[in-house]
K.L.:
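Provided herewith is a single structure, encoded as structure tokens, for subsequent inquiry.
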Amino acid sequence: VAGLLYKITREYSLRRQAEHKALLNEHKYKDLIENSALVVHTTDLEGNFTYLSGKCKELTGFTAEELAGENFLTLVEKSWRQKVLEFYQAQKEKRSFETMLEFPIVGKNGELRWIEQSVVLLQKNGQSIGFQSIAKDISERKFAEKLLADAEQEIKASQEEYQERLQAILDNMPMIIYLKDLEGRFIMVNRQFHQTFGTDDDGVVGQK
């Protein structure tokens with residue numbers, strides 16, 4: 001009887017230690033999530049929030065309590081909602097384990113931000129039960145990309161305008177004039193060139 005009592009007491013003590021260790025690990029895990037610069041959240045299969053880390057307020061302006069039970073599409077910018085919905089419906093139907101998507105959201109104060117979101121499809125006993133997501137604010141990167149694209153467009157427009165002016169100058173000269181690259185391919189020819197040889201740009205430009 002003493003041996004049996006000792007065994008029971010020892011097993012109870014080990015179980016309590018294991019439960020305590022698991023609880024400590026859970027607290028460490030939650031602290032890690034809450035102190036992360038990323039927003040961690042989970043939803044059910046319909047996209048309704050079931051958990052959000054505290055950082056969601058910095059990203060959206062809403063607290064976790066305000067968003068609990070709401071559908072994630074309420075944050076997505078209107079013109080993107082259908083695209084985002086179809087993307088995650090496809091992940092659910094194809095049972096894709098993990099996906100990555102960039103899309104804009106609108107915060108509580110109406111501010112537009114871009115996020116990069118990694119989403120894992122949660123499964124239990126072979127059945128899909130929801131989504132676990134990590135969202136990162138990439139607004140600054142998107143802003144920089146737009147500035148670069150706008151600058152490239154302006155440069156391209158300037159180059160096209162310069163080329164049109166140069167072509168007009170060459171076309172008004174009475175002699176044959178053409179430009180070639182270092183490989184000997186025609187870059188530009190003037191009107192007198194075409195009149196003399198009976199050609200056009202489509203048959204000459206880019207050819208040797």
Side-chain angles (χ1 to χ4, degrees), residues 11-150:
E11 289 179 352
Y12 175 77
S13 177
L14 291 174
R15 186 170 68 252
R16 290 285 294 176
Q17 290 177 16
E19 290 173 351
H20 180 66
K21 185 176 181 180
L23 185 61
L24 289 176
N25 288 336
E26 182 180 350
H27 287 316
K28 288 180 181 179
Y29 178 67
K30 286 184 177 180
D31 288 342
L32 181 63
I33 291 176
E34 293 300 327
N35 293 322
S36 171
L38 306 174
V39 176
V40 179
H41 64 86
T42 59
T43 69
D44 59 23
L45 287 176
E46 302 306 317
N48 301 309
F49 288 116
T50 55
Y51 167 79
L52 298 104
S53 63
K55 290 292 181 179
C56 69
K57 190 174 190 303
E58 293 182 16
L59 180 64
T60 69
F62 294 100
T63 64
E65 290 74 21
E66 288 176 310
L67 290 175
E70 296 292 328
N71 193 279
F72 83 100
L73 284 176
T74 59
L75 294 176
V76 179
E77 198 273 328
K78 287 184 179 180
S79 66
W80 275 75
R81 286 180 184 174
Q82 188 61 32
K83 180 179 179 179
V84 173
L85 176 61
E86 291 175 357
F87 182 86
Y88 289 121
Q89 282 179 336
Q91 181 179 5
K92 180 171 61 175
E93 291 169 2
K94 296 177 182 178
R95 303 184 74 177
S96 302
F97 175 69
E98 185 175 11
T99 61
M100 181 80 71
L101 183 65
E102 296 178 359
F103 56 89
I105 63 172
V106 179
K108 189 174 185 177
N109 61 359
E111 181 183 6
L112 182 75
R113 290 193 179 188
W114 278 84
I115 64 169
E116 178 185 85
Q117 185 164 263
S118 173
V119 175
V120 171
L121 182 63
L122 299 175
Q123 297 189 19
K124 185 176 182 180
N125 299 324
Q127 297 294 320
S128 300
I129 60 172
F131 298 95
Q132 179 170 298
S133 309
I134 298 176
K136 177 172 64 175
D137 189 347
I138 57 169
S139 301
E140 290 186 4
R141 193 190 83 196
K142 282 292 184 179
F143 179 68
E145 288 176 355
K146 186 177 185 305
L147 288 179
L148 180 59
D150 290 345

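Only this structure's heavy atoms are used, side chains among them; waters, hydrogens and symmetry mates stay out. The structure displayed is predicted, hence computed values, not measured ones.
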K.L.:
Can you give me the closest heavy-atom contact between Phe87 and Leu101, atom names plus distance?
P.N.:
CD2-CD2, 3.7 Å
K.L.:
Going by the rule salt bridge (Lys or Arg N to Asp or Glu O under 4.0 Å), which residues pair with Arg81 if we only count those two or more places apart in sequence or in a different chain?
P.N.:
none
K.L.:
Applying side chain to side chain contact (heavy atoms under 4.5 Å, CB included), name anything that partners Glu46, two or more places apart in sequence or on another chain.
P.N.:
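For Glu46, the residues satisfying side chain to side chain contact (heavy atoms under 4.5 Å, CB included) (neighbours in sequence not counted) are Asp44, Asn48, Lys92.
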K.L.:
Only distances under 3.5 Å count here; give the side-chain donor-acceptor pairs of residues 118-130 to other protein atoms, sequence neighbours excluded, each with its distance to 0.1 Å.
P.N.:
residue, atom, partner, partner atom, Å
Ser118, OG, Glu98, OE2, 2.8
Gln123, OE1, Arg95, NH2, 3.2

K.L.:
Does any part of the side chain of Arg141, heavy atoms only, come nearer than 4.5 Å to the side chain of Lys136, both counted from C-beta?
P.N.:
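When only atoms from C-beta onward are counted, Arg141 and Lys136 do not touch, as no gap falls below 4.5 Å.
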K.L.:
Going by side-chain hydrogen bond (donor to acceptor under 3.5 Å, both in side chains), name the residues that satisfy it together with Glu70, two or more places apart in sequence or in a different chain.
P.N.:
none
K.L.:
Who are the side-chain hydrogen bond (donor to acceptor under 3.5 Å, both in side chains) partners of Glu140, not counting sequence neighbours?
P.N.:
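With sequence neighbours excluded, Glu140 shows a side-chain hydrogen bond (donor to acceptor under 3.5 Å, both in side chains) to no residue whatsoever.
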K.L.:
Could you grab the distance from atom CD of Gln117 to atom CD1 of Ile105, nearest 0.5 Å is fine?
P.N.:
9.0 Å
K.L.:
Measure across Cys56 and Ala64 and return the closest heavy-atom pair with its distance rounded to 0.1 Å.
P.N.:
SG-N, 3.5 Å
K.L.:
I'd like to check the salt bridge (Lys or Arg N to Asp or Glu O under 4.0 Å) partners of Glu58; sequence neighbours left out, ordered by chain and number.
P.N.:
Lys55
K.L.:
Can you list everything that forms a side-chain hydrogen bond (donor to acceptor under 3.5 Å, both in side chains) with Thr50? Sequence neighbours excluded, please.
P.N.:
Thr42
K.L.:
Please list all pairs passing the ring-ring contact (aromatic ring centres under 6.0 Å, His included) test where one or both residues lie in residues 97-144, with sequence neighbours left out.
P.N.:
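Matches after skipping sequence neighbours: Trp80-Trp114.
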K.L.:
Starting at CG of Leu59, measure out to CG of Leu38 and round the result to the nearest 0.5 Å.
P.N.:
10.5 Å
K.L.:
So, using side-chain hydrogen bond (donor to acceptor under 3.5 Å, both in side chains) as the criterion, who are the partners of Lys146 when residues are at least two apart?
P.N.:
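Partners of Lys146 under the side-chain hydrogen bond (donor to acceptor under 3.5 Å, both in side chains) test: Asp150.
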K.L.:
Would you compute the distance between atom OG of Ser133 and atom CE of Met100 and round it to the nearest 0.5 angstrom?
P.N.:
11.0 Å
K.L.:
Can you check whether Leu75 reaches Leu67 side chain to side chain, under 4.5 Å on heavy atoms?
P.N.:
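In short, these two side chains touch, coming nearer than 4.5 Å.
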K.L.:
Judged by atom type as modelled, is there a donor-acceptor pair below 3.5 Å linking the side chain of Gln91 to the main-chain atoms of Ser96?
P.N.:
yes
K.L.:
For Lys57, give me all partners under salt bridge (Lys or Arg N to Asp or Glu O under 4.0 Å), at least two apart in sequence or on another chain.
P.N.:
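With neighbours one apart ignored, the set is empty.
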K.L.:
Which pairs with one or both residues in residues 55-74 pass ring-ring contact (aromatic ring centres under 6.0 Å, His included), sequence neighbours excluded?
P.N.:
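Residue pairs passing ring-ring contact (aromatic ring centres under 6.0 Å, His included), neighbours aside: Phe72-Tyr88.
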K.L.:
Among Gln89, Lys83, Gln82, which residue satisfies the side-chain hydrogen bond (donor to acceptor under 3.5 Å, both in side chains) criterion with Glu86?
P.N.:
Gln82
K.L.:
Which residue pairs pass the salt bridge (charged side-chain N to carboxylate O under 4.0 Å, His left out) test when at least one of the two sits in residues 103-113, sequence neighbours left out?
P.N.:
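Residue pairs passing salt bridge (charged side-chain N to carboxylate O under 4.0 Å, His left out), neighbours aside: Glu66-Lys108, Glu111-Arg113, Arg113-Asp137.
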